Amino acid sequence: MFSTTTTRATMIVRLLILFINVLPSFAFKSYAEPLKMANPNKDNVYVFDMLVTRKLSMSFYINNVLHSAPVDYDPSTQRWSQRDPNQLKDCYANFTMNPNTNAGDEANLDDVLLLDGQHKRVLTINGNTPGKAIVVPYNAEVLLKVHNSVLMDAITIHVHGIDKQGMWYMDGVAFVQQCPIQSTN
């Protein structure tokens, strides 16, 4: 027979393991969007428009133009700072952003693509990388309308989980399995 302290210790360990396994499922709930089933058009085809663009991670666009302002995050102070976009000023000229009290800073930070916290040029699909999940019923007909806004670069799109049903040439490497989608097409 086990003693009462051994049983309590076992219960505490079990509860701790349960807590460690359950906590991550709640931690990101406010950030994750639930998967939503798409709606078909009148011909029962699921159509998705995909705008492919380039974006600089850890930055936001200024006044809806294609000029971006880089931002940095300091984990030790837990503060955001915006670099001065004026290229005639010192590279380290920046000012602190406060999204809690300034609605403009909050809106600007909503546009920031975080990824790994580094400043990198990335491809986005409708402003996101990776693109959002496409959810359709099994055996549904899907049409992906891709608009390539990446200047001077041709691209291909590769998707997972879609059976091409004899159209293997529509999903793969440029000039091997398919012709690339030219810039501004």
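Only a predicted model underlies this, so the values are computations on that prediction, with no experimental measurement involved.
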Check whether any side-chain heavy atom of [X] lies under 4.5 Å from a side-chain heavy atom of [Y], and answer yes or no.
| X | Y | value |
| --- | --- | --- |
| Val52 | Val146 | yes |
| Pro40 | Val45 | no |
| Pro180 | Phe175 | yes |

Just by distance, do the side chain of [X] and the backbone of [Y] share a donor-acceptor pair under 3.5 Å?
| X | Y | result |
| --- | --- | --- |
| Ser57 | Val122 | no |
| Asn128 | Gly131 | no |
| Asn102 | Gly104 | yes |
| Ser183 | Val150 | yes |
| His119 | Val71 | yes |
| Asp74 | Arg79 | no |
| Asp105 | Asn98 | yes |
| Ser59 | Ala69 | no |

ILVMFWY network linking Leu114 to Met97, side-chain heavy atoms under 4.5 angstrom: yes
Does Leu56 share a hydrophobic cluster with Leu113, counting links as ILVMFWY side-chain heavy atoms below 4.5 Å and allowing steps through other members? no
Partners passing ring-ring contact (aromatic ring centres under 6.0 Å, His included) against Tyr73 (at least two apart in sequence or in another chain):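 Counting only residues at least two positions away or on another chain, Tyr73 forms a ring-ring contact (aromatic ring centres under 6.0 Å, His included) with Trp80.
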Do Lys55 and Tyr61 pass the side-chain contact (heavy atoms from CB on, under 4.5 Å) test, and can you show the C-alpha distance, the side-chain angles, and the key distance before you say yes or no? CA-CA 9 Å; Lys55 187 172 181 181; Tyr61 289 124; 3.9 Å; yes
How about Met37: does its CE atom have over 12 heavy atoms from other parts shown lying under 6.0 Å from it?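 Yes, CE of Met37 has more than 12 neighbouring heavy atoms, counting only those of other groups under 6.0 Å.
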We want to know whether His158 and Thr156 form a side-chain donor-acceptor pair, criterion being a heavy-atom distance below 3.5 angstrom. no
Thr124 side chain to Thr53 side chain, donor-acceptor N/O pair below 3.5 angstrom: yes
Point-to-point distance, once rounded to the nearest 0.5 Å, from CE of Met58 to CG of Asp116: 9.0 Å
Rounded at 0.5 Å granularity, tell me how far CE in Met50 sits from NZ in Lys132.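 Result: 12.5 Å between the selected atoms.
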Evaluate side-chain contact (heavy atoms from CB on, under 4.5 Å) for Ile134 paired with Leu144, printing each intermediate quantity in order. CA-CA 10 Å; Ile134 294 173; Leu144 302 177; 3.7 Å; yes
Tell me which pairs pass salt bridge (Lys or Arg N to Asp or Glu O under 4.0 Å) where either residue lies in residues 138-159, with sequence neighbours left out. Arg54-Asp153
Shortest non-hydrogen contact between Asn148 and Ile181, atoms and distance: ND2-O, 3.0 Å
